[in-house]
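For reference, the structure discussed in these notes is given below.
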Amino acid sequence: MNLFDLYTNKIKKKIIKNKSIFNLKNQNDIKNIVVETPPDKFNFDLSSNAAMILAKNINKNPRVIAEQLKEILLKEIKDFSSIEIAGPGFLNFKINNNTWQKTIDSILKSNKSYGSNKLKKSFNIEFVSANPTGPMHVGHCRGAIFGDVLSNLLIFNGGKVTKEFYINDYGNQIENFVKSVYLRIREIKFKENFPDNKSLYNGEYIKDIANAVLNKLKKIKFDSYEKDFEILKKESLNYSLNLIKSDLKLLGVKHDLFFSETKMVKNKSVDKIIKILKKNNFVFEGFLEAPRGDDSSSWKKTKRLIFKSSSFGDDTDRALQKNDGTWTYFANDIGYHSTKLNKKYDSLINILGADHIGYIKRISAAVSAMSNNKINLTCKVCQLVKFLKNGEPFKMSKRSGDFFPLNKLLKEVNKDSIRFMMLYRSNDVELEFDFKKVLEKNKDNPVFYVQYCYARINSIFRTLKIDPSKKTSLSSVDFKINNFEQKLLKKIIEWPKVVEVASNKKEPHRIPFYLYELSTLFHSYWSKGNEDPNYKFIKNGNIANKVTLKIFQIISIILENGMFILGVSLPKKM
RNA sequence: GGUCCCAUAGCUCAAUUGGAUUAGAGCGUCUCGCUACGGACGAGAAGGUUGAGGGUUCAAGUCCUUCUGGGACCUCCA
């Protein structure tokens, strides 16, 4: 039930039916016709640019065409009580009572699926993919929530989604990590000093991991790093991956698949795909210039495999092999993405942090090369989050240094507030997260404001002793609405459109903004009753107008569906 | 030197995938409304050359281009 699509199609059909009047030669010429919500000042329910699009194609005055269209639409579509021509040639429509009644009942009937556009596509969304070298920090939080909510959104909209976590359990970083755990164990067991070395991980949490591993591996002597490496690696990675999983769980984020880089390297996925790319001339053997940067001393100009990413929009070609001939991170990632392509998703999506922007072009190039330009990888970037407390930059204790663990944040702020606020910004702007403010119970805090709206609606149903999920038919009732209800209905029919746009543009922030606006209209109506008794919707313990009740039922359905997408709770009482 | 993101009211941000003589919210400022259906709210006012210039379009905050300012990134790391 998307009225905008419904009437766009109806209007197009009527134009095609009367194409001689409009001199319409090609049906393609009207593809830009849309039905939208008119600005509030016009006091109409729907609007369309149809006349202007037609005018453009046949070079006529849009207002003249609007007149002709108005006649035809009023006569042939029975759903409008009036049509007005405004501005340069916009058509504004008022929906008649009969159609409102049908619309309301149909929305109530669709209930938990109201807003879904029955999109039939499959998606793979890779997000978080934090290095398994410790617990999650707050920097991961925005991307985690973004990915999770985008998934919920696409699922709600009818898509099939696989949520994936790529475990970077391979390479130098992992060796440094394992070595750090080993040295911490030596410190605990033999009182050896932990060396001062930049490449080692010296966060406090490494001690926790060391203790846990030590506890589990009681039989091992820890007298040789080389000898114990494999078992140490296995246990350390396992432990930190579990830390990450438990952090994610606290945030309400759950992945469908954890994909190990090591496993993929071992089963030769990388070698296979690079062989294919080589065969297709996307990979060649050559030399690269020494990289800019402070550590070019170890650089050797050796012959290595290079991917022609510049042929697919990247700025330069990229190395697939290191000095020693082993695969680069990029090569492994190509292997990883080839396994995603093998699973035949309609669309691949990666959620990245701002610090990985430079990586987008090359991995997108690789996906294009592997799929013959058929699949493109959509990368959504989440900009940085600035953490504040009462407007001041938040500083961690000296002990923990720069590392701000996610679970510490979760101890101060509940998951609902974190989730909602992390989405209350477009993903490509920096976000300020003040975790004093998000706990306030007032209008400054949008999470609360939306939840409060729902609580108020439920209080009405409690007062009336009516089960909010019970639906009665409107047909026998006189359809009468006031201006507040009119505005609410206008907003209500926007919901499927909001879901559609958010889903198409992959911009989940549109959901909380919409819920906030809907709540505003409701709170405004509620307060009007105090000012003017004519607007009280309960009179003598009974509902004054049954239509009002249905509108409130619909609002609560939308709030439920919206908060389901956001993964935020919605208490009936506060 | 390069790539990408951002710039809208005093502050923080929206803006229906290019729409409407009047660009919207919240906070802050000023004014007003409560023993109610839950005031944890609401109503009103003031506040703008949408960073600057040029272009495309019937229509530009939105697209293209140049410039200015802010941010992220620029290993064969992960």
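The chains referred to below are lettered A, B, ... by the order of the sequence lines, with proteins before strands, and numbering in each begins at 1.
The pair D428(A)-K380(A) does not count as a salt bridge, with every side-chain nitrogen at least 4.0 angstrom from each carboxylate oxygen. The pair E531(A)-K528(A) meets the salt-bridge criterion, since a charged nitrogen lies less than 4.0 angstrom from a carboxylate oxygen.
Note: F156(A) and W495(A) have tilted aromatic rings, judged against thresholds of 30 and 60 degrees for the angle between ring planes.
The nearest whole Å value for the distance from the CG atom in D315(A) to the P atom in C4(B) is 7 Å. Atom C1' of nucleotide U17(B) and atom CG of N32(A) are separated by 12 Å, given to the nearest angstrom. In this structure, E430(A) places its CD atom 12 Å from P of A14(B), rounding to the nearest Å. C34(B) atom C1' lies 15 Å from atom CG of D532(A), rounded to whole Å. Taking atom CG of D355(A) as the reference point, atom P of A72(B) lies 11 Å away to the nearest angstrom. Taking atom CZ of residue F330(A) and atom P of nucleotide C74(B), one finds them 16 Å apart after rounding to whole Å. Rounded to an integer number of Å, the gap from E517(A) CD to A15(B) P is 9 Å. Rounded to whole angstrom, the span from the NE2 atom of H356(A) across to the C1' atom of U75(B) amounts to 13 Å.
Relative to the side chain of K41(A), the nucleotides U16(B), A20(B), C6(B) differ in distance, and A20(B) lies closest. Of the candidate nucleotides C6(B), U17(B), C5(B), U17(B) has the atom nearest to the side chain of E36(A). Residue Y329(A) has its side chain nearest to A78(B) when only A78(B), A40(B), C58(B) are considered. Between A78(B), A40(B), A20(B), one nucleotide has an atom nearer to the side chain of N92(A) than all others, and that is A20(B). Of the candidates A20(B), C4(B), G38(B), the closest approach to any side-chain atom of F42(A) belongs to A20(B). Closest contact between the side chain of K497(A) and the listed nucleotides U3(B), U16(B), A78(B) involves U16(B). Listed candidates were A72(B), A14(B), C77(B). Nearest to the side chain of T328(A) is C77(B). For Y449(A), taking side-chain heavy atoms from C-beta onward, the closest of the listed nucleotides G42(B), C13(B), A36(B) is G42(B). Here the side chain of S459(A) is nearest to one of G38(B), A72(B), G19(B), namely G38(B). Listed nucleotides: U3(B), A72(B), C13(B). Nearest to the side chain of R425(A): C13(B).
When both pairing distances are held under 3.5 Å, C41(B) makes a Watson-Crick or G-U pair with G33(B). Searching all strands for a Watson-Crick or G-U wobble partner of A20(B) with both distances below 3.5 Å returns nothing. The partner of G28(B) cannot be assigned: no Watson-Crick or G-U wobble pair with both contacts below 3.5 Å exists in any strand. With a cut-off of 3.5 Å on both pairing distances, U56(B) has no Watson-Crick or G-U wobble partner at all. The nucleotide G1(B) finds its pairing partner in C74(B), both defining distances of the Watson-Crick or G-U wobble pair being shorter than 3.5 Å.
Using a 4.0 Å heavy-atom criterion, one finds that Y170(A) contacts the sugar-phosphate atoms exclusively.
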Polar atom pairs (N or O), protein with nucleotides 43-51 of chain B, under 3.5 Å:
| residue | atom | partner | partner atom | Å |
| --- | --- | --- | --- | --- |
| A43(B) | OP1 | S524(A) | OG | 3.1 |

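For T548(A) and E485(A), the side-chain atoms include at least one donor-acceptor pair closer than 3.5 Å. Counting only N and O atoms by type, the side chains of R304(A) and N323(A) include a donor and acceptor under 3.5 Å apart.
At the phosphate of G26(B), neither OP1 nor OP2 sits under 4.0 Å from any side-chain N or O atom of H523(A). Of the side-chain N and O atoms in K536(A), one or more sit less than 4.0 angstrom from OP1 or OP2 of C37(B). Here R462(A) does not reach the OP1 or OP2 of G38(B): none of its side-chain N or O atoms lies under 4.0 Å away. The side chain of Y454(A) places no N or O atom within less than 4.0 Å of a non-bridging phosphate oxygen (OP1 or OP2) of G38(B). For the OP1/OP2 pair of G39(B) and a distance below 4.0 Å, the side-chain nitrogens and oxygens of R456(A) include at least one atom meeting the criterion. Look at K322(A) and you'll find a side-chain N or O under 4.0 angstrom from OP1 or OP2 of A78(B). At G39(B), one or more side-chain N or O atoms of W526(A) fall inside 4.0 Å of OP1 or OP2 (strictly under the cut-off).
Between F552(A) and F522(A), the distance separating the two ring centers is shorter than 6.0 angstrom. The distance between the ring centers of F404(A) and F387(A) falls below 6.0 angstrom. Between Y336(A) and Y166(A), the ring centre distance stays below 6.0 Å. Under the 6.0 Å cut-off for aromatic ring centres, H523(A) and Y452(A) qualify, their centroids lying closer than that.
Rounded to whole Å, the separation between the C1' atoms of U22(B) and U17(B) comes to 24 Å. Spacing of P atoms, G24(B) relative to U29(B), comes out at 24 Å, to the nearest Å.
By the 5.5 angstrom centroid cut-off and the 30-degree plane limit, F90(A) is classified as stacked against the base of A20(B).
Checking V34(A) against G529(A), the closest nucleotide of RNA chain B that is more toward the 5' end is the one next to V34(A). Nearer to the 5' terminus of RNA chain B, by closest-nucleotide assignment, is the contact made by D428(A) (compared with the other of I174(A) and D428(A)).
A donor-acceptor contact under 3.5 Å is formed by the side chain of N504(A) with the base of U17(B).
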Contacts table for residues 172-181 of chain A: side-chain donor-acceptor under 3.5 angstrom, sequence neighbours left out:
| residue | atom | partner | partner atom | Å |
| --- | --- | --- | --- | --- |
| Q173(A) | OE1 | Y201(A) | OH | 3.0 |
| S180(A) | OG | N176(A) | O | 2.6 |
| S180(A) | OG | Y201(A) | N | 2.9 |

